[in-house]
Amino acid sequence: MKVYLDNSATTAVDSRVLKEMLPYFDRIYGNPSSLHAFGREALKAVDEARKTIADCLNAKPSEIYITSGGTESDNWALKGAVRASKNKVKHIITSKIEHPAILETCRELEKDGVRVTYVGVDKDGRVSVEEIKNAVTDDTVLISIMFANNEMGAIQPIAEIGAFAREEGILFHTDAVQAIDSQEIDVDKLNLDMLSLSAHKFHGPKGIGLLYVRSGVKIDRLIAGGHQERAKRGGTTDTPLIVGMAKAMEISKAERAENNLRIARLRDRLIDRALAEIPYCYLNGGREHRLPNNANLSFGFIEGESILFTLDLEGIAVSSGSACSSGSLEPSHVILALGTPVELAHSSIRFSLGRETTEEEIDYTVEVLKKTVERLRAISPLFNMEKGTGSYV
Ligand code: PLP
């Protein structure tokens, strides 16, 4: 059996999306910036797609800037806002659990003298609005807090942070890359000034995303070049990918409620069975404010990588919380931020369900997981030392 439980890494392109994109590769291939009929036909498709996207977010088409994906959008939001700010000292507030697209951008900005405050999270993985309020100074240019975390699925109090930022006159950006498929996003209701999205996380194509920028908000451009995207982002407009992103967003929105219900029920089945049937198994993050498709579990006494590779041999695709950097396994910064002990952070596995996930697949996964954990513990010196004492955590 082949089971794909890594939908937070990327999703399959929906067949309806692919069908919509295909004519724009070889039939309607004109450059949307060209003035002739070939170009005009492509431009019409791009304009319609931009309108569909804007409608889905309750934004205006002129507020949607096409990018190459979430990483570019995050870089642009932060660098663009800082560079456009007239403040002498520039300060950003973000969280410790952001995606590297935000955290690495902040590190670069720090090298340029920007001050960054990284707020923490509670054991459920949520930021405190109070902590954000307390971090604000006269120099604060921007607050950037992700909508939902990519590793343990915690959904943040975005509307509340947005309302506060608006009151204070501080720009507010959210990286909603992991949220868009399951959460309603209305830029007005949430008081957003900027929003990053990436199409491949909601069954659209890879290599395309967007940055929403509220009209009136001034940010410098990141990619210099031609006059595309109202002279804010150079590069030939990619008609098929834009058409695909719009179709994927439309489908996601229309089918969201039904998908959420079904996927959350399967996620709960996975979590409940794993916690009940596997000793020393722990859920990372809380249950209440959690993406419907995310289950992140730690398995005491064993390495996440060993579990991942063993599951892979059995046809099950998951992802582990540790990232292999320069030969050493670093535990996930997100799981550590929850207050999880280092050993348990090393053993975390993310299961991210999708539209195609079935109950049979979940039950198969739990059965394989039980056997895998038992086998790996049998050869784990740590487990054999501690077994039965219950003193590990
Ligand atoms: N932000 C979050 C929360 C993500 O999960 C990801 C991708 O995993 C990104 C940003 C980057 O998106 P992309 O890979 O499309 O550049």
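Atoms within each ligand, like the ligands themselves, are counted from 1 in listed order. Nothing fancy with the numbering, it's 1 onward along the sequence.
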**Q.** Aromatic plane relationship, Y280 with F383 - under 30° parallel, 30 to 60° tilted, over 60° perpendicular
**A.** perpendicular
(Q) Main chain of T71, side chain of W76: is a donor-acceptor contact present, judged purely on distance under 3.5 Å? (A) no
Q. Hey, are N260 and S182 close enough side-chain-wise for a donor-acceptor pair under 3.5 Å?
A. no
Q) Within a radius of less than 6.0 Å around CZ of R230, do more than 12 heavy atoms belonging to other residues, nucleotides or ligands occur? A) yes
Q) Is the NZ or CZ atom of R355 positioned over Y4's six-membered ring, under 6.0 angstrom from the centre and within 45° of the axis? A) no
Q: Drop me the distance from E72's CD to I208's CD1, to the nearest 0.5 angstrom.
A: 9.5 Å
Less than 3.5 Å apart, N/O on ligand 1 and N/O on the protein: could you list those pairs with the distances?
| from | atom 1 | to | atom 2 | distance (Å) |
| --- | --- | --- | --- | --- |
| ligand 1 | 1 (N) | D175 | OD1 | 3.3 |
| ligand 1 | 1 (N) | D175 | OD2 | 2.6 |
| ligand 1 | 5 (O) | Q178 | NE2 | 2.8 |
| ligand 1 | 8 (O) | H99 | NE2 | 3.4 |
| ligand 1 | 8 (O) | K201 | NZ | 2.6 |
| ligand 1 | 15 (O) | G70 | N | 3.2 |
| ligand 1 | 15 (O) | S198 | OG | 2.5 |
| ligand 1 | 15 (O) | H200 | NE2 | 3.2 |
| ligand 1 | 16 (O) | G70 | N | 3.4 |
| ligand 1 | 16 (O) | T71 | N | 2.8 |
| ligand 1 | 16 (O) | T71 | OG1 | 2.6 |

